[in-house]
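These notes are about the structure you will find just below.
All residue numbers refer to positions in the sequence shown, counting from 1. In what follows, every heavy atom counts, from backbone to side chain, and hydrogens, waters and symmetry copies are set aside.
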Amino acid sequence: VVLERCIDLAHKRVADLLGRSHLGEQFEAVPDRDVELARQFVHAQVIGHDDGRAKLAEGEGAPRQVTREVRDDWEPSFSPDGKWIAYLSDAGGQADVWIVSSAGGQPIRVTNDAGEEIDLTWTGDGRGVTFAYTEAVPQLFLYPVAGGEARQLTTLRTGVNYAELSPDGKWLAYESNEAGSADVWV
């Protein structure tokens, strides 16, 4: 399940990089340079949860360890400029959002609360990360990485899953059971 989720996330990220919709789009028709970029990026995403350590593809695909926590780190997500990786970690005893330079270095804890954060993604401008907070019913929050308070974006009765902001930050796509079954909403 974790590998399937990671592959799905990688597929969405590759589609975003290539400027194509990830809904049913085939990658065979894209230029060779884009296919190679996509292959490297999928490799980086798939190895991202290997042994609980966020890793980044380097050179010919040899992984380089970026985080070194004793606890688990998972769900890595590159910032739009590729300089940062946001990820979830239980290094503080609970699942929280952390960021680290994609070159490695000292991780920065973004959230510190009793609930659990899931479904992490960056905003299109790289100024914030969105995540679903699951203390009771999961709701979507936006946290500015430069600091400040998180802002709640949803107040749905049944909660929100797998949310993502549009690149321009004007639209929010998410999955919810508000209508009685899992559906995509904008």
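Judged as a side chain to side chain donor-acceptor pair (under 3.5 Å), and not counting sequence neighbours, Ser101 has no contacts.
Here the CZ atom belonging to Phe141 is positioned 11.0 Å from the CD atom belonging to Glu149, to the nearest 0.5 angstrom. In this structure, Asp73 CG and Asp90 CG are separated by 7.5 Å, a value rounded to the nearest 0.5 Å. Atoms CD and OG1, on Glu116 and Thr111 in that order, are 10.5 Å from each other to the nearest 0.5 Å. Gln106 contributes atom CD, which lies 11.5 Å from atom OG1 of Thr67 (distance to the nearest 0.5 angstrom).
Smallest separation of non-hydrogen atoms from Ser89 and Trp98: CB-CD1, 3.6 Å. A pairwise comparison of heavy atoms in Glu75 and Leu88 identifies OE1-CD1, 3.7 Å as the closest pair. Of all heavy-atom pairs between Tyr87 and Pro76, the closest is CB-CA, 4.0 Å.
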So Tyr162 and Val184, side chain to side chain contact (heavy atoms under 4.5 Å, CB included) or not? Walk me through it. CA-CA 9 Å; Tyr162 310 111; Val184 175; over 6 Å; no

Go through the steps to decide whether Trp122 and Ile99 satisfy the test side chain to side chain contact (heavy atoms under 4.5 Å, CB included), and finish with yes or no. CA-CA 11 Å; Trp122 285 86; Ile99 58 173; 4.2 Å; yes

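Between Asp96 and Asp113 there is a side-chain heavy-atom pair separated by less than 4.5 Å.
Looking only at distances, no side-chain donor or acceptor of Trp171 sits under 3.5 Å from a matching main-chain atom of Val186. Using a distance-only test at 3.5 Å, with no hydrogens or angles considered, no donor-acceptor pair links the side chain of Asp119 to the main chain of Asn161. The backbone N or O of Glu178 lies less than 3.5 Å from a partner atom in the side chain of Arg157, making a donor-acceptor pair.
No more than 12 heavy atoms of other residues, nucleotides or ligands shown are found within 6.0 angstrom of CZ on Arg151.
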Report all side-chain donor-acceptor pairs from residues 126-133 shorter than 3.5 Å, counting only partners two or more places apart or in another chain.
residue, atom, partner, partner atom, Å
Thr130, OG1, Thr121, O, 3.4
Tyr133, OH, Gly115, N, 3.1
Tyr133, OH, Glu135, OE1, 3.3

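Think of Tyr174 as one node in a network of Ile, Leu, Val, Met, Phe, Trp and Tyr side chains linked at under 4.5 Å; its network also takes in Leu140, Leu142, Leu153, Leu156, Val160, Leu165, Leu172, Trp185.
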